[in-house]
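Only a predicted model underlies this, so the values are computations on that prediction, with no experimental measurement involved.
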Amino acid sequence: MNITFEAPDKVNGLMTITLEQADYQGEVDKQLKDYRKRAQVPGFRPGQVPMGMIKRQYGTAVKADVVNKLLGEKLYAYVQENKIQMLGEPLANESQEPQDLEKDDTLTFKFDIAVAPEFKAELTDKDTVAYYHITVDDKLIDQQVEMYQSRGGHYDKVESYDAEQRDMLKGDLRELDADGNVKEGGIEVADAVLMPQYIKVDDQKKLFDGSKLGDIITWNPRQAYPESDVEVSGLLKIEKDQVGEHTGDFTYQITEISRFVKADLNQELFDQVFGKGNVKSEQEFRQKIADQMGQQFSVDSDYKFLLDVRAYMEQKVGKLEYPEALLKRVMLQNNKDKGEDFVEKNFDASIKELGWHLIKEQLVAANNIKVDDNDLKAVAKEVARAQFAQYGMSNVPDEYLDNYAQDMLKKRENTEGLVDRAVDVKLTAALKQVVKLDEKNISLEDFQKMLNEK
């Protein structure tokens with residue numbers, strides 16, 4: 001066997017592997033003997049089929065399998081032993097001559113290999129990167145307190161409708177004819193729920209102002225929601241394509257008015273949000289919210305820091321040279337169903353991500369970043385905590401978070417993303433100790449605006 005590798009421009013590699021009969025014949029003969037033992041051929045007892053017949057029937061296919069496996073093993077072993085940083089998968093060289101597996105004993109295969117560009121990605125205490133601390137002010141705490149009060153709120157029955165209070169109405173809908181009478185065979189909906197503040201047209205919305213229990217309002221649902229057949233069909237309990245058949249007026253007789261009342265700032269709310277007895281006063285409640293928001297904001301600050309590290313390193317490293325034609329072939333090979341247009345449209349973005357991946361690999365290695373099962377579990381647990389928090393559940397016991405995290409880790413489709421996230425968490429923590437931080441305080445509004453601009 002002979003293997004040669006050439007990369008005159010350092011990024012376009014050509015590997016040539018020549019196999020002699022002695023390299024593969026032993027494994028071919030072994031597999032053919034196994035075939036012979038299992039072969040079921042009429043007229044022959046098991047294991048007694050002539051080897052010549054086995055070779056004629058299976059010889060070329062077995063040889064192809066053995067050669068393909070051997071090529072893969074030797075190619076990747078050579079790449080690893082010679083520390084070639086290969087991008088993507090190797091492709092058959094376009095000038096590869098056909099090999100006659102049935103007749104030829106000496107087989108030569110050529111592979112095009114995309115090689116990563118050579119560069120040095122390094123950060124020291126001489127490098128400065130911005131780090132933004134998001135300020136937790138009273139306004140943000142007030143908004144969070146109100147959110148918790150709203151989630152813990154309830155509806156009270158009232159006698160009259162107040163548009164300012166976001167009242168919800170329940171009533172009976174009846175379709176009218178052109179003369180303003182109840183339409184015979186028209187639509188009638190009992191206990192139709194309506195929130196007038198969400199009506200799109202002011203003239204229709206104002207018809208409900210000052211209304212009371214028992215009042216009958218004449219209005220036009222189609223005019224109230226001129227651009228939303230979905231809302232009209234839902235209200236009238238009809239199919240969307242039937243809305244155009246019911247464009248006239250309706251009456252709405254109010255049978256119930258409900259007013260939303262926010263939860264009081266009391267022990268019941270404190271226990272509901274943070275668990276029984278963990279918070280005992282409004283001051284403690286606000287402080288707990290501030291701590292919770294500060295923890296979340298630190299995650300956002302770290303995320304922004306890593307984005308800034310990326311931008312800084314991309315500029316510091318400069319433009320990298322890639323074997324673009326070969327990488328486009330690799331990308332097309334991996335996206336055969338999407339075609340060349342897809343490759344052309346997405347290639348630049350793919351190269352940009354590849355550049356950051358290569359830079360990050362060096363930073364990870366330089367800072368000795370390694371991820372173990374405990375790191376993955378910690379990340380999965382934080383993901384679970386954030387998901388529960390979205391639904392206002394901020395006091396979920398650790399045992400539930402542990403179980404949720406374990407379920408996430410059991411699913412293979414989650415693992416890669418969790419590994420990437422764990423690497424980012426550890427890399428961010430390490431780099432914050434390496435570079436000089438240009439620390440800045442910033443409001444949440446300005447921070448979000450800055451992220452959106454990027």
Side-chain angles (χ1 to χ4, degrees), residues 119-148 274 283-320 349 352-369 371 375 378-379 381-383 385-390 394 417-454:
F119 66 95
K120 181 70 173 176
E122 186 179 27
L123 283 170
T124 69
D125 57 3
K126 292 182 175 59
D127 296 295
T128 301
V129 180
Y131 190 88
Y132 295 90
H133 296 279
I134 304 172
T135 305
V136 181
D137 55 23
D138 286 340
K139 179 181 177 182
L140 287 177
I141 297 173
D142 289 342
Q143 291 172 350
Q144 196 71 5
V145 168
E146 184 175 358
M147 184 273 290
Y148 282 130
F274 291 114
Q283 183 179 357
E284 289 183 14
F285 186 60
R286 292 177 66 85
Q287 184 59 52
K288 192 80 170 178
I289 289 173
D291 293 342
Q292 188 183 64
M293 295 178 77
Q295 184 178 3
Q296 177 56 50
F297 288 164
S298 69
V299 174
D300 296 333
S301 295
D302 283 352
Y303 169 74
K304 178 65 171 69
F305 170 73
L306 197 57
L307 287 181
D308 288 342
V309 167
R310 172 176 175 168
Y312 180 83
M313 288 304 302
E314 287 174 341
Q315 184 175 9
K316 185 176 181 180
V317 168
K319 181 176 175 59
L320 298 174
K352 189 170 180 61
E353 288 304 312
L354 175 59
W356 169 235
H357 172 76
L358 296 174
I359 291 171
K360 191 164 79 168
E361 273 190 341
Q362 291 194 29
L363 295 177
V364 166
N367 290 277
N368 198 30
I369 303 297
V371 170
D375 297 317
V379 167
K381 195 171 176 179
E382 287 308 310
V383 171
R385 196 190 308 277
Q387 289 177 349
F388 282 118
Q390 288 179 347
S394 55
L418 291 172
V419 169
D420 287 343
R421 190 160 180 167
V423 168
D424 284 351
V425 168
K426 297 190 79 170
L427 179 61
T428 299
L431 294 181
K432 284 163 65 177
Q433 302 300 316
V434 172
V435 302
K436 181 180 178 181
L437 297 179
D438 179 15
E439 301 187 63
K440 304 175 182 181
N441 293 324
I442 189 171
S443 69
L444 178 62
E445 182 180 356
D446 288 343
F447 182 83
Q448 291 173 335
K449 187 185 301 182
M450 182 170 56
L451 280 183
N452 291 334
E453 288 173 352
K454 292 291 183 182

Note: K288-E284 ion pair, threshold 4.0 Å (strictly below) = no

> Looking only at atom types and distance, does a side-chain atom of T124 sit under 3.5 Å from a main-chain N or O of K126, one as donor and one as acceptor?
Replying inline: yes

Between D137 and L140 the two heavy atoms that sit nearest each other are OD1-N, 2.9 Å

| request: Check whether more than 12 heavy atoms from other residues, nucleotides or ligands sit under 6.0 Å from atom CD of Q315, and answer yes or no. | output: no

side-chain contact (heavy atoms from CB on, under 4.5 Å) test vs E314 passes for just one of I359, V309, L320, namely I359

Neighbour count >12 (heavy atoms, 6.0 Å) for atom CZ, R286:
yes

One should read off an interatomic distance between M313 CE and L123 CG, to the nearest 0.5 angstrom, of 4.5 Å

(message) Quick check against the 3.5 Å criterion: does S301 have a side-chain atom that pairs as donor or acceptor with the backbone of Y132?
(response) yes

| request: Evaluate side-chain contact (heavy atoms from CB on, under 4.5 Å) for D420 paired with V423, printing each intermediate quantity in order. | output: CA-CA 5 Å; D420 287 343; V423 168; 5.6 Å; no

Rounded to the nearest 0.5 angstrom, the NZ-CD distance for K316 and E122 is 6.5 Å

field: Side chain to side chain, M450 and I442, heavy atoms closer than 4.5 Å
entry: yes

- Is there a donor-acceptor contact under 3.5 Å linking the side chains of H357 and E353? no

Show your working on side-chain contact (heavy atoms from CB on, under 4.5 Å) between L444 and M293 and close with a plain yes or no.
-> CA-CA 11 Å; L444 178 62; M293 295 178 77; 5.6 Å; no

Applying salt bridge (Lys or Arg N to Asp or Glu O under 4.0 Å) to K139 and not counting sequence neighbours gives none

Give a yes or no on whether the backbone of R310 and the side-chain of K360 come within a donor-acceptor separation of less than 3.5 Å. no

- prompt: Does the side chain of L358 come within less than 4.5 Å of L354's, by heavy atoms?
  reply: yes

* Side chain proximity check, F305 to V435, heavy atoms < 4.5 angstrom -> yes

| CD (Q143) with more than 12 external heavy atoms under 6.0 Å | yes

**Asked** Between D300 and K304, is there a salt bridge with N-O shorter than 4.0 Å?
**Response** no

Discussion item. side-chain contact (heavy atoms from CB on, under 4.5 Å), that's the test. Do L307 and L451 meet it? Break it down for me.
Written reply: CA-CA 10 Å; L307 287 181; L451 280 183; 4.2 Å; yes

Heavy-atom nearest pair, A130 first then D308, reads O-OD2, 4.1 Å

### Task
Apply the test side-chain contact (heavy atoms from CB on, under 4.5 Å) to residues V299 and Y303: give CA-CA distance (whole Å), side-chain angles for both, the deciding distance (0.1 Å), then the verdict.
CA-CA 6 Å; V299 174; Y303 169 74; 5.7 Å; no

Smallest heavy-atom separation, I134 atom then S443 atom, equals CG2-C, 4.3 Å

Nearest heavy-atom approach of Y312 to D127 is OH-OD1, 2.6 Å

### Message
Can you confirm whether more than 12 heavy atoms, excluding those of E361, are under 6.0 Å from its CD atom?
### Response
yes

Requested in this report: Using a 4.5 Å cut-off on heavy atoms from C-beta on, say whether the side chain of F285 contacts that of Y148.
Outcome: yes

I'd like to check K436 versus D125 (side-chain heavy atoms, cut-off strictly below 4.5 Å). Are they in contact? no

The reported gap from OG1 in T428 to CG in L306 (rounded to nearest 0.5 angstrom) is 4.0 Å

Rounding to 0.5 Å, atoms CD (Q295) and CG (D291) come to a distance of 9.0 Å

Between N367 and L363 the two heavy atoms that sit nearest each other are ND2-O, 2.8 Å

Hey, are N452 and Q448 close enough side-chain-wise for a donor-acceptor pair under 3.5 Å? no

dist N441:CG -> T135:OG1 (nearest 0.5 Å) comes out at 4.5 Å

